[in-house]
Amino acid sequence: MILSETGTIPHMASTIAQALLAWYAEHARDLPWRRQRDPYAVWVSEVMLQQTRADTVVPYYLRWMDRFPTVEAFASASRDEVLRMWEGLGYYRRAHNLHQAAHILVVEYDGKLPNEVDKLRDLPGIGPYTAAAIAAIAFNQDVIAIDGNLRRVLSRLIDLTIDPRSSEGERCLRSWALRECPSGQSSAFNQALMDLGAMVCLPRTPNCDACPLVRSCLALKRGVQDERPMKPPRKQIPHITVTAAVLRDGEHVLIGRRPEGVLLGGLWEFPGGRLEPEETLESCLRREIGEEIGVEIEVGARLGVFDHAYTHFRVTVHAFECKLIRGEPQAIDHSEIRWVSPEQLREYPMGKIDRAISTTILQATDQPPIEG
DNA sequence: TACGCGTGGGT
DNA sequence: TACCCAAGCGT
C-alpha cells in the first residue's frame with residue numbers, strides 16, 4: 001500500500017464515511033439544484049439557503065433559474081427586478097451582493113465562477129461557508145463547509161462540549177471532518193452531513209434509530225445528544241410600535257425606497273417611524289412625515305394594524321390614511337420617493353408588512369361589485 | 001467578538 | 001403565546 005505525503009492511505013474511507021455515504025446514496029433529498037452541477041446554480045442555491053430552509057428556497061430557486069438561467073442573464077437584470085424575484089426570502093442584502101458579484105464575474109471571470117476558495121471568498125456575499133460549499137459541491141475540492149447542520153451533527157458525533165460557533169469549536173469540527181472526508185468525495189460527504197442534519201439529526205428529538213452513525217455517536221453514547229450543540233444564552237428582543245402613512249394625492253399613494261445597507265434596504269415602503277415615549281400614534285406620524293418627507297399632513301382613519309417578528313425585534317405597525325396639508329414631498333431619509341397608483345404597488349419590491357399594507361389598499365380599491 | 005440583517009415553520 | 005432556529009455574511 002502506497003501512503004500519501006500526509007501519511008494517510010489514499011481513497012480509503014473510514015467506517016464513518018462509508019456508512020454516511022452509503023446512507024446518502026439511498027436517502028439524499030431530491031433537490032432541484034442537485035440535478036446538475038452548474039457552479040452558477042450551486043452558487044444561487046447556496047446564497048438562497050443562507051439561514052433559510054430548503055423547502056422555502058425551492059420555488060424561489062426554480063423561478064430564478066427560469067428567469068436568470070446564466071450569470072450574464074442575471075447580471076443584466078435591473079435592481080428592482082432582482083429584488084422582486086427575491087421578495088419574501090428576507091435578508092435582502094443577499095440579493096444586492098449576488099447582483100454585485102455577478103457583475104464582477106462577467107467583467108473579471110468571463111461569467112464563470114472560480115473554483116478556488118480564496119477567489120470565491122472575495123466575491124460579495126460569499127463568506128467562509130458559501131465559498132467552501134461551492135468549492136466542495138460544484139468542484140469537489142477537499143474542503144468542509146460548516147453550516148448549522150454540520151455544527152449540530154458533528155458536535156454530537158464527537159460530543160463537543162464547547163460552543164461550535166467559537167473559533168476553537170469550529171477548528172475542532174473542521175479538523176475532525178477533514179480527516180473523515182474521503183479525498184475527492186467532498187461533494188457527497190458535505191451534502192450527506194447536511195441531509196443527515198436536516199432529516200435525522202434534528203435540533204430537537206433527533207431520530208437516532210434512523211441514523212447511520214448511531215454506533216459512532218459519542219453524545220448518544222453519553223446520553224447528552226439533546227444538550228448538543230452547546231449554545232450561549234439568548235437575549236430578550238424588544239417590541240416596538242411604529243406608524244405608517246398611506247399618503248394620498250388623488251389616485252396616487254406615496255412610497256419611498258429604503259437606502260441600501262439598512263433593514264429592508266433597497267425595498268419600498270410607506271413612510272413613517274417609531275413611536276416615542278409620551279407620543280400618540282397621530283402625533284408620531286405627523287412628526288415622522290415631517291422629518292422624513294418634509295411635509296405637513298392630516299392623519300385620517302386607521303387602515304390596519306400589522307404585527308411582525310424580525311430576528312432582533314418585534315414590531316406592531318399602525319397604518320393610517322393621510323392627506324397632504326402643506327409642502328412638497330422630498331426624499332430626505334429615503335433614496336427615492338414616488339407617487340404610484342394602487343395597481344402599480346405590486347411592481348415595487350416590499351417587505352412583509354408594507355406588502356400587507358399594499359394588499360389592504362388594493363382590496364379597498366379593487367372592491368369588486370357585490371353580486372346578488 | 002457581537003451584533004444587525006427577514007421570514008416561516010415547528011413546538 | 002412566545003420562543004426556537006434555519007445550507008451565514010459584513011462590519
Side-chain angles (χ1 to χ4, degrees), chain A residues 28-29 31-34 41-61 83 86-98 100-101 120-138 144-154 163-170 187 189-199 201-206 226 229 231-240 258-267 269 306-315 349-356:
Chain A
R29 287 175 290 175
L31 298 167
W33 46 89
R34 287 181 174 172
V42 173
W43 172 43
V44 170
S45 70
E46 284 303 334
V47 174
M48 287 185 171
L49 286 161
Q50 288 168 6
Q51 297 288 284
T52 311
R53 293 171 199 283
D55 288 345
T56 303
V57 167
V58 168
Y60 285 89
Y61 171 84
L83 279 173
W86 201 272
E87 183 180 315
L89 263 183
Y91 289 126
Y92 297 93
R93 195 171 304 180
R94 291 185 296 177
H96 179 70
N97 286 334
L98 203 63
Q100 301 275 89
L120 288 164
R121 186 70 186 71
D122 284 339
L123 294 166
I126 296 186
Y129 163 77
T130 305
I134 295 170
I137 294 170
I144 303 297
I146 299 184
D147 70 338
N149 288 309
L150 268 76
R151 271 192 288 276
R152 186 171 59 256
V153 171
L154 299 177
D163 179 1
R165 288 180 173 279
S166 66
S167 49
E168 173 67 12
E170 185 169 328
S187 181
F189 186 81
N190 274 283
Q191 294 183 84
L193 286 171
M194 291 180 196
D195 278 19
L196 194 60
M199 296 190 289
C201 195
L202 302 168
R204 294 181 218 203
T205 59
D226 290 333
K231 50 181 182 289
R234 299 230 162 190
K235 291 175 182 172
Q236 275 214 327
I237 61 171
H239 187 157
I240 65 169
R258 297 173 62 83
E260 213 61 60
V262 302
L263 181 77
L264 302 172
L267 300 187
E269 69 169 7
F306 305 85
D307 286 301
H308 192 66
Y310 296 96
T311 306
H312 290 280
F313 66 99
R314 208 175 278 283
V315 64
M350 293 179 175
K352 217 61 198 168
I353 294 172
D354 291 280
R355 182 56 68 205

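Naming convention: chains lettered A, B, ... in sequence-line order (proteins, then strands); numbering from 1 in each chain.
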[atom1]-based separation of [M] from [N] [nearest Å]:
N     : M      : atom1 : answer
B:dG6 : C:dT1  : P     : 24 Å
B:dT1 : C:dT11 : C1'   : 11 Å
B:dC5 : C:dA6  : C1'   : 14 Å

Reckon [X] touches a base, only the sugar-phosphate, or nothing at all at heavy-atom distances under 4.0 Å?
X        : answer
A:Trp86  : nothing
A:Ala145 : nothing
A:Gly197 : nothing
A:Leu150 : nothing

Report yes if at least one side-chain N or O of [X] is closer than 4.0 Å to OP1 or OP2 of [N]; otherwise report no.
X        : N      : value
A:Gln51  : C:dG8  : yes
A:Tyr91  : C:dG10 : no
A:Thr56  : B:dG9  : no
A:Lys352 : B:dG8  : yes
A:His312 : B:dG4  : yes

Go through [options] for me and flag the one nearest to the [X] side chain.
X        : options              : answer
A:Thr130 : C:dC5, C:dG8, B:dG6  : C:dG8
A:Arg53  : C:dG10, C:dA7, C:dC5 : C:dC5
A:Lys235 : C:dG8, C:dC3, B:dC3  : B:dC3
A:Arg94  : C:dC9, C:dC3, B:dG6  : B:dG6
A:Arg152 : C:dA2, B:dT7, C:dA6  : C:dA6

A:Tyr92 and A:Glu87: which non-hydrogen atoms are nearest, and at how many Å? CE2-CA, 3.9 Å
With a 4.0 Å cut-off, would you call A:Arg165 and A:Glu170 a salt bridge? no
Under a 4.0 Å N-O cut-off, is there an ion pair linking A:Lys352 with A:Asp307? no
CH2-CG distance between A:Trp43 and A:Leu98, expressed to the nearest 0.5 angstrom: 4.5 Å
In whole Å, what is the span from the [atom1] atom of [X] to the [atom2] atom of [N]?
X        : N      : atom1 : atom2 : answer
A:Arg314 : C:dC3  : CZ    : P     : 6 Å
A:Ile237 : C:dA2  : CD1   : C1'   : 9 Å
A:Glu269 : B:dC5  : CD    : P     : 13 Å
A:Glu260 : C:dT11 : CD    : C1'   : 16 Å
A:Gln100 : C:dG10 : CD    : P     : 12 Å
A:Asp55  : C:dA7  : CG    : P     : 11 Å
A:Leu196 : C:dA6  : CG    : C1'   : 16 Å
A:Arg93  : B:dG6  : CZ    : P     : 7 Å

On the side chain of A:Thr52, is there an atom forming a donor-acceptor pair with the base of C:dG8 - under 3.5 Å, no angle test? no
With no angle test and no hydrogens, is the base of C:dA7 tied to the side chain of A:Arg29 by a donor-acceptor pair under 3.5 Å? yes
Quick one about A:Arg94 and A:Thr52 (side-chain donor to acceptor, distance below 3.5 Å, no hydrogens or angles considered), yes or no? yes
If you measure only the distance, is there a donor-acceptor pair under 3.5 Å linking the side chains of A:Glu46 and A:Tyr129? yes
How does DNA chain C read in dot-bracket, base by base from 5' to 3', with Watson-Crick or G-U pairs under 3.5 Å and | used when the partner is on another strand? .|||||.||||
Pair A:Met194, A:Asp147 - check side-chain contact (heavy atoms from CB on, under 4.5 Å), show working. CA-CA 8 Å; A:Met194 291 180 196; A:Asp147 70 338; 3.8 Å; yes
Check the pair A:His308, A:Tyr310 against ring pair (Phe, Tyr, Trp, His ring centres under 6.0 Å), reporting the backbone distance first and the verdict last. CA-CA 7 Å; A:His308 192 66; A:Tyr310 296 96; 4.8 Å; yes
Can you work out whether A:Ala309 or A:Thr205 has the more 5'-proximal nearest nucleotide on DNA chain B? A:Ala309
Between A:Gly148 and A:Arg204, whichever has its closest DNA chain C nucleotide further toward 5' is A:Arg204
Result for 5'-nearest mapping on DNA chain C, choosing between A:Leu31 and A:Pro124, is A:Leu31
Taking the side chain from A:Arg152 and the backbone from A:Cys201, do they hold a donor-acceptor pair closer than 3.5 Å? yes
